[in-house]
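Beneath this line is the structure, given in structure tokens, with notes to follow.
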Amino acid sequence: MISRTWIIARRELLSFAVGPVTWVTMAAALALAAWIAGPRALAASGGDLSGFTVQSCGIWLGMQMYLAPVLSMRLLSEERRSGTFEALVTAPVSDVEVVVGKFFAAWIVHAVGASIVAVWPLVGVPFGGSPDPGQMFSAWLGLVGTGSVFIAAGTFASSLTSSQMLAGFLAMAFCLLLRFLPAAALAALTEEHVLSRALARANLEAQILDAARGLVDVVNVATQAAMTAALLLFATRTLESRRWQ
Amino acid sequence: MIEVDGLVKRYGGFTALHGISFAVRGGSVTAFLGLNGAGKSTTLRVLSCFLPPTSGTVTVAGHDAVRASEAVRREIGYLPESVPLHPEMKVGEYLRFRARLKGVAATEVSAAVSQAASRCKVDDVVAAPIGSLSKGYRQRVGIADAIVHRPKVLILDEPTSGLDPAQRLQVRALVKELGSDRTVFVSTHIIPEVEATCDDIVVIHRGRIVASGPLASMARGGGVRIIFEKASLPNADLRDDGRSQAVFASAELASSAAAAVVKQGGTLHELAPVREGLEAAFSRLTTGADA
Ligand SMILES: Nc1ncnc2c1ncn2[C@@H]1O[C@H](COP(=O)(O)OP(=O)(O)OP(=O)(O)O)[C@@H](O)[C@H]1O
Ligand SMILES: [Mg+2]
């Protein structure tokens, strides 16, 4: 089970590695984040590396909104369009292994970017800054956590259509909903409403802020894991239902 | 090795397979013959567990294709009609990936890949990206993929389609050779190919099986014919070449007629069973069932 998932993920990573889209997108996201976050964060925080992390994590959350769709849109749709899906699923693998393997590959690629963002404060060291390793770790955890939710959403979008363009747009729509819907819904509800607590918990923006400030919150991590698992389950169900039509 | 019983497959409202039943003997090379749109690919997709049957049962190597689909998929090597491959991967890379995915142990992957590659004559392109290969090479990479895990059953969907005559001969020879140590079920609509490579055939027409059995029984007997000259028999016809011919229901009747020809001082040119060619049998089967 684990090994076949990893075999699928590895092949996918190979495709990521040879495709220029991956590198260009990643480099662009990092450059853009640095360009926005750098001066702004330094100005706002006056050389305070902790404030820098908070700023750059917030900006990376925005980057994820387009990075995750780009990385995940072709995962399943492209195999279906080119027909390689038929070869893939007639090998002795399960739909779950296919979905998780694909997701994992995109997640790893994204995690490279997220990790760079998490250790960015190290740039301040030569200038006399002293970054907090605990804060860098919690920021990293938050970034890969929200990233995994978005990439799972993109994987689900990719299972819905054989057009990667359409999958990309769908993925972006899902990411926007995931990011803004909980906060918007929360604002519309009274504070005592039964859903309020859940919605507050599902707010990815709040989660990333916690993480960027150095807080490792188990409930946040569990929420992200649950959201990821649910989206991947949807993707698996879609694959199954498409074959059982 | 493959048993199909009452297999129905519907696509929405369209019924592609109307409850077909047939069996493929273990160790045989069996051709699956049918015109375009007859339902060959649909059947093979059900056999390979890509599509579920609407109803009916499919058993491959003793496993049910629905309830034990993973066990079936472990036993088969399948070449889909479109020969789907990842163009960005190198041939060797792709075959290694497929071998591992199909459960070949990590220590045996290299041996399995090089054996499959040399058997399918793609060992000279293992380092080439798949996207740069010609159609014939791509087809053979697809077959190498199908055999890389040494499956008991090979299911090939039109392995020679789109190839030039030389490539076609090569792939045909490969299929025949592969059939020497496993069961092969291969779809096609090219009749000479069937006659050259197969032991058995199954003929499908518009989603129904119209014939199945050993190749020899398919070209069915049409009696025994004698061809002669300078003699006369009551039921003889004159041929274009000026000779006469007569057809008899049995060899005994034909040989006594031949004796009569010789007695009359005529010349006997031929005494042989009449065989309807596979081509003729196929066209009879696939037009007769139209109504
Ligand atoms: N996914 C699908 N949805 C709807 N109809 C389909 C689908 N796949 C096949 N069909 C129909 O089912 C019938 C059988 O198709 P199938 O591909 O099995 O034929 P085939 O014998 O393989 O033909 P060919 O020799 O052209 O490959 C055809 O009428 C086809 O239009
Ligand atoms: Mg076909």
Side-chain angles (χ1 to χ4, degrees), chain A residues 1-24 71 74-102 104-106 109 162 164 236-245, chain B residues 9-12 41 44-54 60 63 65-66 68-90 93-106 109 129-131 141-142 145-146 148-149 151 155 157:
Chain A
M1 161 92 205
I2 301 284
S3 78
R4 281 184 306 214
T5 306
W6 175 235
I7 290 164
I8 291 170
R10 239 188 16 193
R11 197 215 67 76
E12 200 62 42
L13 282 170
L14 214 123
S15 288
F16 274 124
V18 298
V21 178
T22 316
W23 302 112
V24 172
L71 291 179
R74 37 164 282 283
L75 289 178
L76 296 159
S77 60
E78 179 59 16
E79 295 244 11
R80 291 244 312 275
R81 189 199 59 76
S82 72
T84 47
F85 188 65
E86 186 167 352
L88 180 61
V89 299
T90 51
V93 296
S94 68
D95 289 348
V96 177
E97 288 164 342
V98 170
V99 167
V100 175
K102 295 262 173 185
F104 193 48
V109 174
S162 55
Q164 50 168 306
T236 310
R237 285 278 171 273
T238 315
L239 284 196
E240 280 168 4
S241 72
R242 289 200 163 248
R243 287 205 276 151
W244 289 91
Q245 65 201 340
Chain B
K9 178 65 196 178
R10 284 196 200 97
Y11 292 111
S41 298
L44 299 189
R45 284 176 159 169
V46 175
L47 291 181
S48 60
C49 308
F50 181 61
L51 292 176
T54 306
V60 179
H63 306 288
V66 174
S69 123
E70 199 173 311
V72 168
R73 285 178 282 152
R74 235 190 295 277
E75 305 285 6
I76 61 166
Y78 172 50
L79 175 74
E81 185 167 34
S82 54
V83 197
L85 304 164
H86 294 277
E88 77 278 11
M89 293 181 91
K90 293 187 176 125
E93 237 165 40
Y94 177 71
L95 292 176
R96 270 195 300 281
F97 158 66
R98 297 291 296 175
R100 301 221 46 202
L101 193 65
K102 297 191 214 176
V104 176
V109 166
I130 290 170
V141 171
D145 166 12
V148 73
H149 57 306
I155 297 176
D157 199 349

Atom group of B/Arg45 that falls short of 4.5 Å from chain A, counting heavy atoms: side chain
Least distance between heavy atoms, A/Leu88 atom then B/Phe97 atom: CD1-CZ, 4.4 Å
Under 4.5 Å from a heavy atom of chain A, the part of B/Leu101 involved: both
Largest heavy-atom contact set with chain A, pairs under 4.5 Å, which of B/His149, B/Glu88, B/Glu75: B/Glu88
From NZ (B/Lys102) to OG1 (A/Thr90), nearest 0.5 Å: 7.0 Å
A/Arg11 side chain near B/Glu93 side chain, heavy-atom distance below 4.5 Å: no
Contacting region of A/Ser82 [heavy-atom separation from chain B under 4.5 Å]: backbone
Toward chain B, the part of A/Glu79 with a non-hydrogen atom under 4.5 Å: side chain
Smallest separation among heavy atoms of A/Ala91 and B/Arg73, with atom names: O-NH1, 2.9 Å
Neighbours of chain A found in residues 77-84 of chain B - heavy atoms under 4.5 Å: B/Tyr78, B/Pro80, B/Pro84
